[in-house]
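See below for the structure under consideration.
What you see below is based on every heavy atom in this structure, not just the backbone, and it leaves out hydrogens, waters and symmetry mates.
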Amino acid sequence: GCVLPILLAVLAATTMEESPRWLVQKGRYSEARGVLAKLYPKGDGVDSIDDLLREIKEDIEEEVDAERGQSGWSAILCSGRPAMKRMLLVGVSIGVCVQLSGIDAIQYYLSFIMEASGITGRQ
């Protein structure tokens, strides 16, 4: 039963190209350009492989910059943007109201309560 998935994994590992994004992260730009050329042959909706490669580089740089900056709760609470604080307040308030209303407990136990009270059908 588990031989087929193993064979498929080995076949995929030996025949699939590396991800262009991974290659760019590792600094292997010429290999990334070759993979992108295979993925996007001429006239396949991409203006230039170099433009695509540049976009990948910029995305990776933005992610690295974001990882160096604030993240987590400090990015929300200390951002200085009141809109973020309002969104957080609304989201937390909705969660608290749902818990305080007790509707989850009612939904879970309603069938048991109805059965215990003798109500077995809609009529």
Correct closest heavy-atom pair for Val35 and Glu18 would be CG1-O, 3.7 Å

To the nearest 0.5 Å, atom CD of Glu58 lies from atom CG of Leu53 at 10.5 Å

To the nearest 0.5 Å, atom CD1 of Ile103 lies from atom CD1 of Ile106 at 4.5 Å

CD of Glu17 to NZ of Lys38, rounded to nearest 0.5 Å, is 3.5 Å

Smallest heavy-atom separation, Pro20 atom then Ala32 atom, equals O-CB, 3.8 Å

Are Leu23 and Tyr29 packed together at the side-chain level, in the sense that at least one heavy-atom pair is separated by less than 4.5 angstrom?
no

- request: Give the cluster check for Val98 versus Tyr109: same hydrophobic cluster or not, with ILVMFWY residues linked at side-chain heavy-atom distances below 4.5 Å.
  value: no

Of all heavy-atom pairs linking Lys57 and Val24, the shortest is CG-CG1, 3.8 Å

Taken to the nearest 0.5 Å, the spacing of Asp51 CG from Leu36 CG works out to 11.5 Å

Within one Ile-Leu-Val-Met-Phe-Trp-Tyr cluster: Leu100 and Tyr108, side-chain cutoff 4.5 Å: no

Value for CD (Gln25) from OG (Ser19), rounded to nearest 0.5 Å, stands at 8.0 Å

**Asked** Can you get from Ile119 to Leu110 by hopping between Ile, Leu, Val, Met, Phe, Trp and Tyr side chains that sit under 4.5 Å apart?
**Response** yes

Between the CG atom in Leu11 and the CD1 atom in Ile6, the distance rounded to the nearest 0.5 Å is 13.5 Å

